[in-house]
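Next up is a structure, given as structure tokens.
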2 protein chains.
Amino acid sequence: MRRDVFQAIADPTRREIIGVIAKESLTLNAVAATFDMSRQAVSKHIKILVECGLIELETQGRERYCKPRLEKLGEISGWIAQYRQYWASHLDSMEDYLNEIQKTAKPKQHATRKK
Amino acid sequence: MRRDVFQAIADPTRREIIGVIAKESLTLNAVAATFDMSRQAVSKHIKILVECGLIELETQGRERYCKPRLEKLGEISGWIAQYRQYWASHLDSMEDYLNEIQKTAKPKQHATRKK
DNA sequence: TATATTTGCAACCGATCAGTTGCTTATACA
DNA sequence: TGTATAAGCAACTGATCGGTTGCAAATATA
């Protein structure tokens, strides 16, 4: 079972799940309802994210809330950082990029997402 | 054929290939010789890296040199940057991390690598 | 020209992946 | 107590992945 962060974020659905729960902690069902696929499929993705430490589950009665635990993303940033000389010139800094995407505000809509 | 940068760097062998050619431009065979697997297997990985724009091939006679084109890594850094609040506290900045790995200098040895 | 070297192409293989469906378990509520 | 809801478990499926081997094509060199 390969369960590292690099592999976890390789799947676009999992990246979307992170995007969804980063905004607000949601129930497993609530997250699944956001996607055009079965609850089980989404649940499996969440399980992978939990196993590699990017999501934490908080049980509350019969519901389980997904909470973002994105510290591990630093691992990837760290790996990329050593090659920064190759791309930094095209993007003055991560902050610039962040500011830019915050300006445009609206996140891209993907085909697999409902509504 | 899913060929985005996220998926490209999900494989540890491909990350190692990037590490190898970032140091010096090498021939396809030379890169393959670094690994404990067939030339074809390495060649396939390089093909994927070329297709998603992380490597450029420069033909010179019958040899083809792999040149790093890592600008696309900025795409990933950009995606991570929007969640920086979740992990930045654990890692003051990418620069700190970079300085740290540069201090230790010696890259980690992997089982799949020769010698 | 003959031969060695670098690479590409194609077929194959077992393992893993992303998704499905059906059923069970556990909690909440009328 | 009975019923609805949230979630987990397990089996199955087709597609993709990472790797192999064998062979052909192209270039360099004796």
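Just so we're on the same page: letters track the sequence lines, and every chain starts at 1.
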Open item on the list: Can you tell me if A:H45 touches the phosphate of C:dG19, counting only side-chain N or O atoms and a distance under 4.0 Å to OP1 or OP2?
Closed with: yes

- [ ] Go through C:dT7, D:dT20, D:dG8 for me and flag the one nearest to the B:R64 side chain.
- [x] C:dT7

Task: D:dT16 OP1/OP2 closer than 4.0 Å to side-chain N/O of B:Q7 - done: no

Open item on the list: I need the CG-P distance between A:D11 and C:dC17, as an integer number of Å.
Closed with: 11 Å

Task: Interatomic distance where CD belongs to A:E16 and P belongs to C:dG19 [whole Å] - done: 11 Å

Open item on the list: Just N and O in the side chain of B:S43: are any of them under 4.0 Å from OP1 or OP2 of C:dG8?
Closed with: yes

- [ ] Applying ring-ring contact (aromatic ring centres under 6.0 Å, His included), name anything that partners A:F6, two or more places apart in sequence or on another chain.
- [x] A:W79

Open item on the list: Side chain of A:T27, heavy atoms from C-beta onward: which of C:dG8, D:dA6, C:dA18 has the nearest atom to it?
Closed with: D:dA6

Open item on the list: The side chain of B:L28 is closest to which nucleotide in this list: C:dA18, D:dG19, C:dT7?
Closed with: C:dT7

Open item on the list: For a quick test of reading the model: is some side-chain N or O of A:N29 closer than 4.0 Å to OP1 or OP2 of D:dA7?
Closed with: yes

- [ ] Mind checking salt bridge (Lys or Arg N to Asp or Glu O under 4.0 Å) for B:E24 and listing every partner two or more places apart, or none if nothing turns up?
- [x] none

Task: For B:E63, salt bridge (Lys or Arg N to Asp or Glu O under 4.0 Å) partners two or more places apart - done: none

Protein and nucleotides 11-13 of chain D: nitrogen or oxygen contacts under 3.5 angstrom:
none

Just distance, no hydrogens or angles: give the donor-acceptor pairs under 3.5 Å from side chains in residues 38-47 of chain B, sequence neighbours left out.
unit_1: B:S38; atom_1: OG; unit_2: B:A41; atom_2: N; d: 3.1
unit_1: B:H45; atom_1: ND1; unit_2: B:R14; atom_2: NH1; d: 3.0

Task: Base-contact (B) and sugar-phosphate-only (S) positions in nucleotides 22-30 of chain D, heavy-atom cut-off under 4.0 Å, - elsewhere - done: B----BS--

